[in-house]
K.L.:
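First, the structure itself, so that you have it in front of you.
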Amino acid sequence: MILIDHAKICNEGLTFDGWITLDGERIHAVGPGECPDEIRTQATETLDVHGALVLPGVIDDQVHFREPGLTEKAEILTESRAAAAGGVTSYMEMPNTRPPAITLALLEEKYARAAEVSAVNYSFYLGATNDNIAEIERVDPTRICGVKVFMGSSTGNMLVDNEETLADIFRLCPTLVATHCEDEATVRANLAMARTAFGDNIPIAMHPLIRSAEACYRSTAHAVELAHKYGGRLHVLHLSTARELELFERDKPLAEKRITNEVCVHHLWFSEGDYAERGNFIKWNPAVKSAADRDSLRAGVRSGQVDLVATDHAPHLLAEKQRRYLEAPSGGPLVQHSLPAMLTLAEQGIFTIPQVVERMCHAPARLFRIEERGFLRPGYYADLAIVGLGQPWSVSRGNSAPGERLLSKCGWSPLEGITLTAKVLATFVNGQQVFSAENGIDESVRGKRLTFGEA
């Protein structure tokens, strides 16, 4: 049995000094104050964390690990290790790989690969197309986190723009429907105007005007309308505007909501004023928008109108991001730094630590009905992160310390040059220490497939 001693524990809205014991894969006990002698004597290993913050492992509901077919950018092995180094103990990965995961057979191949190499726990979305409703109907909601619908441009055959298909998905899908919402017609019209003005040399500052607030609002409103009409469970990914927040219910417990949302760390950290310095390195879809939008999203995290916070971790090669605006792909790696970034914002007074834990750990577990994870509770799987607060460090490609080295295969970060004040010291997955700031990744640790409760 492992004793984690002298911890500052944050769990289920409470923060207190205490201890945790782990027995095999599970949490054995959690308690305040000094660990009782009868428990201490049972421990075969004691980890004194000297007042460091201990919280449930982060559950990231939106990542792109690029395997299969795009492994020059990233792969499940490298990105799951980056997740572990960031205190992320479970992830849900997107289907727009090559080939796209649009059949259950292809999806199971990804699960098999993750079982071989993933350092943390995993689940995978089935991708929707205009013609795979038969596959969607066969989804086992206890074994798959959801179905992903791109209601805006994407790779391959994954733009779902047929209204009859959308109606069928929301009516027949047996699990949660997660949507990327940007109105394609609006984006195309905005891009045409930008081309008229700038030719092929469109400046990056035009990105939030091309992928505009209006494009986001129209598509999100349409998705919400479909969910209301057909009764589906809708989860709108990466909200980026204040106006979109108006479409979601206030003051209702998450467990009672059928329509939910997510906001990503980059939309909480950056604003359009950062394009001048960071250029394509903060080019995402949906775009980083105004400071007013960012501040409204932050307020939504505080109030609970934002349901959960994730990353949309989407690595690209450094050389790709250094191209001109039109040629540079959207997306960037964030899974290693999402928790330190959010806790840094908490240390700045923008959020509280319990709010960060609620949106990144508890809420994903509640929203997706993940079994026995997301909380520090006896009997639950021992997924947890240990974080040092008030420990400034700079994100850099040049970092060589095991706890600071960039582990995403693409080898860069949109946060480079930024000083964070929270540092992940250790991460446990199913009771095994998969990461330590002193020694890096334990390459022998493997995560498990996530399972989900019935609605």
K.L.:
Is it true that H207 and Y275 share a donor-acceptor pair across their side chains at a distance under 3.5 Å?
P.N.:
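On atom types as modelled, these side chains do not qualify, holding no pair under 3.5 Å.
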K.L.:
Are the charged groups of R26 and E372 less than 4.0 angstrom apart, N to O?
P.N.:
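A salt bridge is present here (some side-chain N lies under 4.0 Å from a carboxylate O).
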K.L.:
What I want to find out is whether E72 reaches K409 closely enough, with some N-O distance under 4.0 Å, to be called a salt bridge.
P.N.:
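K409 and E72: not salt-bridged.
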K.L.:
Taking salt bridge (Lys or Arg N to Asp or Glu O under 4.0 Å) as the criterion, tell me which of K148, K110, R449 meets it with E93.
P.N.:
K110
K.L.:
Sequence neighbours left out, what pairs pass ring-ring contact (aromatic ring centres under 6.0 Å, His included) with at least one residue falling in residues 66-111?
P.N.:
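Pairs touching residues 66-111 that pass the test: F65-Y91, Y111-F124.
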K.L.:
Please list, chain by chain and in numerical order, all residues satisfying ring-ring contact (aromatic ring centres under 6.0 Å, His included) with Y230, sequence neighbours excluded.
P.N.:
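Y230: no ring-ring contact (aromatic ring centres under 6.0 Å, His included) contacts found.
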K.L.:
Salt bridge check: are E443 and R81 linked by an N-O gap of less than 4.0 Å?
P.N.:
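Yes, charged N to carboxylate O under 4.0 Å.
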K.L.:
Taking the basic N atoms (NZ, or NE/NH1/NH2) and the acidic carboxylate oxygens, is any pair closer than 4.0 Å for R218 and E244?
P.N.:
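No, this pair does not count.
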K.L.:
Does the structure place the NZ or CZ of K448 under 6.0 Å from the centre of the six-membered ring of Y122, at an angle of no more than 45° from the ring's axis?
P.N.:
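That pair does not qualify as a cation-pi contact.
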K.L.:
Run H316 and K73 through side-chain hydrogen bond (donor to acceptor under 3.5 Å, both in side chains) and show every step you take.
P.N.:
CA-CA 5 Å; H316 293 288; K73 301 174 188 276; 3.0 Å; yes
K.L.:
So which of V54, T15, T352, V387 actually passes side-chain contact (heavy atoms from CB on, under 4.5 Å) with C10?
P.N.:
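For C10, the side-chain contact (heavy atoms from CB on, under 4.5 Å) test succeeds with only one of V54, T15, T352, V387, which is T15.
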K.L.:
Any idea which heavy atoms bring P315 and C410 closest together, and the distance?
P.N.:
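Closest approach of P315 to C410: CB-SG, 3.9 Å.
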K.L.:
For I27 and A382, which heavy atoms make the closest approach, and how far apart are they?
P.N.:
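In this case the closest contact between I27 and A382 is CG1-CA, 3.8 Å.
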K.L.:
Take a 6.0 Å sphere around CZ of R143 and say whether it holds more than 12 heavy atoms from other residues, nucleotides or ligands.
P.N.:
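Open: at most 12 neighbouring heavy atoms sit under 6.0 Å from CZ of R143.
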K.L.:
Could you tell me whether R446 and E116 make a salt bridge, using a distance below 4.0 angstrom between a side-chain N and a carboxylate O?
P.N.:
no
K.L.:
Any ion pair linking E184 and R188 (charged N to carboxylate O, less than 4.0 Å)?
P.N.:
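Yes, R188 and E184 are salt-bridged.
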K.L.:
Is a side-chain donor-acceptor pair under 3.5 Å present for D168 with T165?
P.N.:
no
K.L.:
Can R369 be said to sit on top of F452's aromatic six-ring, NZ or CZ under 6.0 Å from centre and within 45° of the ring axis?
P.N.:
no
K.L.:
So with a 6.0 Å cut-off around NZ of K252, is the heavy-atom count from everything else above 12?
P.N.:
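Buried by this count: over 12 neighbours within 6.0 Å.
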K.L.:
Can you list everything that forms a ring-ring contact (aromatic ring centres under 6.0 Å, His included) with H267? Sequence neighbours excluded, please.
P.N.:
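Not a single residue meets the ring-ring contact (aromatic ring centres under 6.0 Å, His included) criterion with H267.
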K.L.:
How close do I59 and G374 get, counting heavy atoms only, and between which atoms?
P.N.:
CD1-CA, 3.9 Å
K.L.:
Looking at D295 and A292, would you say the former's side chain and the latter's main chain have a donor-acceptor pair under 3.5 Å?
P.N.:
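Answer holds: no.
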K.L.:
Tell me whether E416 is salt-bridged to R278, with the criterion being a basic N under 4.0 Å from an acidic carboxylate O.
P.N.:
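Salt bridge: no.
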K.L.:
Check this for me: E164, atom CD, are more than 12 non-hydrogen atoms of other residues, nucleotides or ligands nearer than 6.0 Å?
P.N.:
no
K.L.:
What are the two closest heavy atoms between L384 and L22, and how far apart are they?
P.N.:
CD2-CD2, 3.9 Å
K.L.:
H238 and ring pair (Phe, Tyr, Trp, His ring centres under 6.0 Å): which partner among H266, H180, H313?
P.N.:
H180
K.L.:
For A215 and T186, work out which heavy atoms get closest and say how close.
P.N.:
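In this case the closest contact between A215 and T186 is CB-CG2, 3.7 Å.
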K.L.:
Starting from the C-alpha separation in whole Å, work towards a yes-or-no answer on side chain to side chain contact (heavy atoms under 4.5 Å, CB included) for L326 and L191.
P.N.:
CA-CA 10 Å; L326 284 175; L191 179 58; 3.9 Å; yes
K.L.:
List the atom of E358, the atom of P364, and the distance in Å for their closest heavy-atom pair.
P.N.:
O-CD, 4.2 Å
K.L.:
Within the structure provided, determine whether V306 and N261 are in side-chain contact (heavy-atom separation under 4.5 Å).
P.N.:
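Yes; the side chains approach each other to less than 4.5 Å.
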K.L.:
Considering only NZ, NE, NH1 and NH2 on the basic side and carboxylate oxygens on the acidic side, decide whether K289 and E272 come within less than 4.0 Å.
P.N.:
no
